[in-house]
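One structure is given here, and the rest of the page talks about it.
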Amino acid sequence: MLPTNTHILFHEFDYHAPTTLYEATELLAQYGDSARPIAGGTDLLVQMKMERRQPAHVISLARVNALQGIALNGDLTIGATTSIRDLHQYLTSKLQPPFASLQSLGEACNGFSTIQIMRMATLGGNLCNASPASDSAPPLLTFDARVTLKSKTFERVMALEHFFIAPGKTALQADELLTHIRIPRPPHQSASAFIKIARVAADISQVCAAVRLTRDGNLIHDARIALGSVAPTPVRAAAAERELIGQTFSAALAEKIGKRAAQEIQPISDIRATRAYRQHIAAVIVRDALLRAWERTQ
Amino acid sequence: MTPKLVKLNVNGRAHHTALAPNTTLLHALRDLGYTDVKSGCEKGDCGACGVIVNGAVVNSCLLLAWLADNQEIITVAGLGAAAKPHPLQQAFVDFGAAQCGFCTPGMIMSAKALLDEYPHPTDEQMREALSGNLCRCTGYTRIFEAVQNAAHEITSD
C-alpha cells in the first residue's frame, strides 16, 4: 500500500466561514478540540496533508474583518490575521519614533519564507502554530508584546512569553481565539535588530535572535534578548539580559553576552543543524545583533 | 464534508463547480483542465503551482478552493497562448529561460505579479520576487535575463 503522506489533502473535514468574531468563538465553543481555526493556511494545510493535524472542523477566519489590520493608539495593535507582507510594509514605511525602533520585527518579516508565503501567512497564525523556529516570536518577545485571547464569553490578555508551552502547543484553550497582538509604546532611545541563520534565505531558521537595547548615554539602560530554534519554544535569554543592564556598551561586552546567551539555550540536533552548531552560531548572532541594535540607538 | 457550488473566475471565464472543502485551488484548477498550473512539492516550497488571485501571486497548493469562491484567478495560460504570447512568455522562449519547463508557469506568474507592481524592477526586487520559485535545471540567469527584457519590452510599448 502506498504511504498516505503524499502531500495531497486526503483528510476530510467540515468547513465553516464565520463573518464575525462572535460567530467564530461560538463555533469554537461548539466544536472545541475537534476544530482548528485557519488563517493563511500555510502551516495548517501542510500539517493536514502530512496527517499531523486532523481537525474535524476547520474554521476560516478570512471573512472576520475584526481580526485584520494594524492600529496605533498608544500601543501598536496588530490584528491576528494581518498578513506578514502587510505587517512588513507597515513597519518599513509608516512608523515614527519611538515605534520606528521596532526594526527587528520588520527584519523578521522580510526574512519570512517566500513572497507567496509572506502574502498568505498571518502574524497570528505564525504565533498559534507555536513553532520553536517562528521568525516573528523573538522580536515580539523583546518588545514585551501581549496577546489577546477571546472565547465566546471571556477575554484575557497575557504576555507572549507565557503563550508558548511546547512545540505546536500554546496557552490557548480549545474555545479561545488569538485576536490581537499588542506591542506597548517602546522606550525612547531604544532600537532593535533581528538576525536569522538558515541554509537558504527562504528556509526555516537554524537559529534566529532578536535584541532590543535602550540606552542612557553610553550606558545600557535596558536590554532584551530572545532566540528561536534553540529550545522547545522561542525563549528569552534572561541571565544575559541582566548582565547587560547598567553596563557601558562595548564590542567586548557584546562578545561576552553572546557567549552568555548561548549557555542559556537548550538546542537539539535535527535535520537543519546540530546542537553544537546552534550553540556556536547563537553566540555569534546575538553579538552581531547587539552591535547592530546599539549602532541604531545613536 | 458536504460539497458546495463554488464559482471560480479563471482567466476571465466563470466556472461553477461542486467542490468538497478539502479541495485545494491547485487541484480544482487542474480538474477543470487548467493543467498549466503545476503540482510540485504540495507544501509551499517550490512555487510551481503559483497563480494570481485578486492581483497577488499565491501558492495554490496551500489555498482551499472555497476561499477562492468568486475571486479572480489568472493562470499562465490566461496571459497568452502560442499564437499571441505575453511578452514574458515570449522572452522566456527568446532567452532560453525554460529547460524542462516545469517551474515555468509559476515563475512567469511571479514575474507577472512583480511587473504589475514594479514595471521597472531592480535586479534585487526581481530576485526577491522570484525567490519562492525553484528551478531545478538551475537556469536562473536566463530566467532573470528574460524577465528584465520582458519588463523593457512591456514598458517601451
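Note on naming: letters A, B, ... go to the chains in the order of the sequence lines (proteins, then strands), and numbering restarts at 1 for each one. Here the structure is a predicted model, which means the values were calculated and not measured.
Counting heavy-atom pairs under 4.5 Å between each of B:T2, B:L62, B:V57 and chain A puts B:L62 at the top. In terms of heavy-atom pairs under 4.5 Å with chain A, the best-connected choice from B:L130, B:L64, B:T23, B:L63 is B:L64. Considering only heavy-atom pairs separated by less than 4.5 Å from chain A, the leading option among B:A20, B:P21, B:G50, B:C61 is B:P21.
For the pair A:D270 and A:R278, the salt-bridge criterion is met [side-chain N within less than 4.0 Å of a carboxylate O].
With a 4.5 Å cut-off on side-chain heavy atoms, A:T19 and A:V64 do not count as touching. Residues B:E128 and A:N110 are in side-chain contact: their nearest non-hydrogen atoms beyond the backbone lie under 4.5 Å apart.
With a threshold of 4.5 angstrom between heavy atoms, A:L44 does not approach chain B through any atom at all. Neither the backbone nor the side chain of A:R63 comes within contact range of chain B; no heavy atom of the residue lies under 4.5 Å from a heavy atom of that chain. Of the atoms belonging to A:S60, it is side-chain heavy atoms, and not backbone ones, that fall under 4.5 Å from chain B.
Other residues, nucleotides and ligands place more than 12 heavy atoms under 6.0 Å from the CZ atom of A:R119.
Although no hydrogens or angles enter the test, the distance criterion places no donor-acceptor pair under 3.5 Å between the side chain of B:N149 and the main chain of B:H152.
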